[in-house]
Every structure is written in structure tokens, then in C-alpha cells.
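Reviewing the structure listed below.
Along the sequence shown, residues carry numbers from 1.
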Amino acid sequence: MAQQFDYPRTETQLREIQDKLYQHSKEDYDAGGRPAFKGLLEIMSAEATIITAIHNIKSNHGSETPGVDSKTMRKDYLYKPFPWVIKDIQNAFRRYEPQKIRRVYIDKPEKAEKRPLGIPTIRDRIVQECMRLVLEPIFEAQFFGHSYGFRPMREAPMALERINFITHTTGYHWVVEGDISKCFDCIDHSILLKRLYHMGVKDRRVLQIIKAMLKAGIMGECEVNEDGTPQGGLISPLLANIYLDIMDEWVSTPEIKCKKRPRKKCSFVAEVKGKR
């Protein structure tokens with residue numbers, strides 16, 4: 001049976017709903033199943049969620065980086081009347097049509113190659129952050145326990161400490177390091193949307209908005225983006241983790257199986273996923 005929650009009227013109520021989303025998702029996952037949530041769009045478009053999203057974005061120095069419409073957080077949202085801001089974002093959810101992505105390139109450390117970033121408009125960034133606030137607890141409860149990349153309250157040093165612990169307690173001394181080339185650019189939209197549904201997002205309105213986000217064209221490159229999620233979008237790291245959770249399941253399967261056979265030496269895998 002799909003879980004539904006009340007409309008949050010304050011930021012405190014929003015945090016309580018986030019806790020409940022995590023709790024229900026964790027309970028269903030630990031019981032061997034998957035959660036099911038409907039009515040998510042109402043939570044995402046609630047006034048309290050929009051306020052929280054704007055607070056999160058304005059604290060980031062990138063909030064003054066404009067998209068294709070040249071608008072910034074301070075000038076075009078923080079200085080506008082409060083009722084207008086809320087109505088504008090709620091209207092965006094009702095008839096979501098993302099604007100094109102602005103492409104910029106940044107240097108890669110110690111490499112001649114440039115890293116492509118996709119910069120959405122401020123309005124699209126607020127919508128993405130509203131969605132991330134609601135979706136993240138659902139998926140965090142299901143992600144592999146030793147995956148550390150792009151996750152809240154986790155970082156690469158924690159993965160290194162995990163590896164150090166394994167080498168001192170299991171007798172294993174080989175570490176396999178790899179990098180998925182152009183991971184963000186190669187995400188299959190169909191597989192990702194099916195994964196979102198499989199892991200608990202049963203609100204098809206939310207899936208349609210995410211699909212539209214993924215298809216948003218890139219200024220000067222394409223009218224419709226057929227593959228990938230723009231590296232630079234606020235929701236992109238979460239979507240990438242959801243997509244790569246399939247790999248986490250495959251990598252962790254031998255560890256799960258060998259738990260049932262105590263005589264076989266086994267170890268956990270620490271996955272950083274920080275260079276996508």
C-alpha cells in the first residue's frame with residue numbers, strides 16, 4: 001500500500017515528514033521489499049518546502065550564477081514579494097517546462113581536459129531542490145551502506161578509512177580503483193525512471209517532471225537531451241546515485257551471500273563514486 005503524508009505547513013513539519021519518509025523506506029527495505037510513496041508532488045510544492053529550498057540555494061555561492069535567462073537568486077527572487085515567489089514556483093510544478101541548460105566548462109585538476117557543467121536557471125534550480133528535499137530520504141534509506149559519493153554527511157576520507165579497516169581485519173590487501181568515464185553524460189533516461197519507480201516513487205507526476213528535466217535541451221548543443229543528467233544540476237548527484245545503485249547491488253551481492261557461509265572469508269566494498 002502506497003504511503004501518503006500530510007501537507008507540510010512549516011519547515012519543522014517538513015523535517016518531520018523527511019524523517020517519516022526515511023523511516024518507512026528503511027522499514028520496507030529491511031523487510032525485504034521496496035517502499036511505495038504517492039502524493040509527493042504536494043509535499044514538494046508546499047510553501048514550507050519552497051522556503052527551505054530557497055534558503056539552501058542562497059547559501060551556495062553558485063546562487064548568483066545565472067542560467068540562460070540571466071536571472072539570479074538575489075535580484076529575481078529574494079528581492080521579489082514573498083507571495084509572488086511562492087506562486088511562481090508552485091506554477092512551475094503545475095505546468096513544468098524546464099528552460100534550456102547553460103553549458104560551461106571548468107578545469108580538471110592536473111588534466112588538460114575540461115569538465116562540462118550544465119547550469120539550469122534559478123527557477124529550475126529551486127524546483128530541483130524542492131524535489132531533492134523530498135526524494136533524498138526515500139533513497140538514502142535504501143542505498144548501499146558503504147557507498148560514500150555525493151551523499152549527505154559522507155565524504156571520500158570515510159571510504160579510505162573503511163578500506164584501511166578492511167585491510168587490517170580481513171587479510172585482503174588488494175584495492176581496485178576505477179573511474180566511470182563521463183558517467184553523468186551516459187545515464188539512460190528510461191532505466192533511471194524505471195529505477196525511481198522500483199525504489200518507491202509511485203507518484204507519476206513526479207516522474208514526468210524528472211523526465212522533463214532530463215530532456216531539457218542544452219544551449220548551443222541540442223534541443224532535446226537524449227542521454228545523461230547535467231552535471232551541475234542540484235538533483236543530478238542524487239539521480240546518478242539512484243542509477244548506480246544497480247551496480248552497488250551487484251558489487252555487494254557476494255558479501256551478502258558469504259554471510260550465509262561463515263567459513264568463507266569475505267569483506268565489504270567501499271565505493272567512493274566521487275569522480276563521476
Can you see which heavy atom on [X] is nearest to which on [Y], and at what distance?
X    : Y    : result
S236 : P230 : OG-O, 2.6 Å
Y7   : S45  : OH-O, 4.2 Å
M213 : Y96  : CG-OH, 3.5 Å
I101 : I119 : CG2-N, 3.3 Å
T49  : L133 : O-CD1, 3.9 Å
V134 : L21  : O-CD1, 3.5 Å

Could you check if a side-chain atom of [X] sits within less than 4.5 angstrom of a side-chain atom of [Y], using non-hydrogen atoms only?
X    : Y    : result
L41  : I209 : yes
M73  : I54  : yes
L244 : C183 : yes
V85  : L78  : no
R103 : M219 : no

Checking E47 against R9 for the salt bridge (charged side-chain N to carboxylate O under 4.0 Å, His left out) test, could you report, in this order, the C-alpha distance in whole Å, the side-chain angles of both residues, the deciding distance, and whether it holds?
CA-CA 7 Å; E47 180 180 305; R9 301 196 177 278; over 6 Å; no
If we ignore hydrogens and angles and just use 3.5 Å, is the side chain of [X] paired with the main-chain N or O of [Y] as donor and acceptor?
X    : Y    : answer
R154 : S147 : yes
D203 : F37  : no
D124 : P98  : no
N225 : A216 : no
R115 : I106 : no

Path from L117 to I122 over hydrophobic side-chain contacts below 4.5 Å:
no
Going by the salt bridge (charged side-chain N to carboxylate O under 4.0 Å, His left out) test, which pairs reach into residues 55-80, not counting sequence neighbours?
none
Can you run down the salt bridge (charged side-chain N to carboxylate O under 4.0 Å, His left out) pairs that involve residues 82-94, sequence neighbours left out, and say none if there aren't any?
D88-R123
Using the test salt bridge (Lys or Arg N to Asp or Glu O under 4.0 Å), find all partners of K20 that sit at least two apart in sequence or belong to another chain.
none
K38 meets the salt bridge (Lys or Arg N to Asp or Glu O under 4.0 Å) criterion, sequence neighbours left out, with none
Hey, can you pull the donor-acceptor pairs under 3.5 Å for the side chains in residues 24-33, sequence neighbours left out?
from: S25; atom 1: OG; to: I138; atom 2: O; distance (Å): 2.6
from: S25; atom 1: OG; to: Q142; atom 2: NE2; distance (Å): 3.1
from: E27; atom 1: OE2; to: Q23; atom 2: NE2; distance (Å): 3.2

Run the ring pair (Phe, Tyr, Trp, His ring centres under 6.0 Å) test against F143 and tell me which residues pass, sequence neighbours left out.
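For F143 there are no ring pair (Phe, Tyr, Trp, His ring centres under 6.0 Å) partners, ignoring immediate neighbours.
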Just jot down the ring pair (Phe, Tyr, Trp, His ring centres under 6.0 Å) partners of W84, sequence neighbours excluded, or say none.
Y77
Applying side-chain contact (heavy atoms from CB on, under 4.5 Å), name anything that partners [X], two or more places apart in sequence or on another chain.
X    : answer
T12  : T10, R15, E16
E97  : none
I191 : D188, Y243, I246
N60  : none

Which pairs, with at least one residue in residues 186-211 and sequence neighbours excluded, count as a ring-ring contact (aromatic ring centres under 6.0 Å, His included)?
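Qualifying pairs: none.
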Output yes when K114 and D107 qualify as a salt bridge under the 4.0 Å nitrogen-oxygen rule, no when they do not.
yes
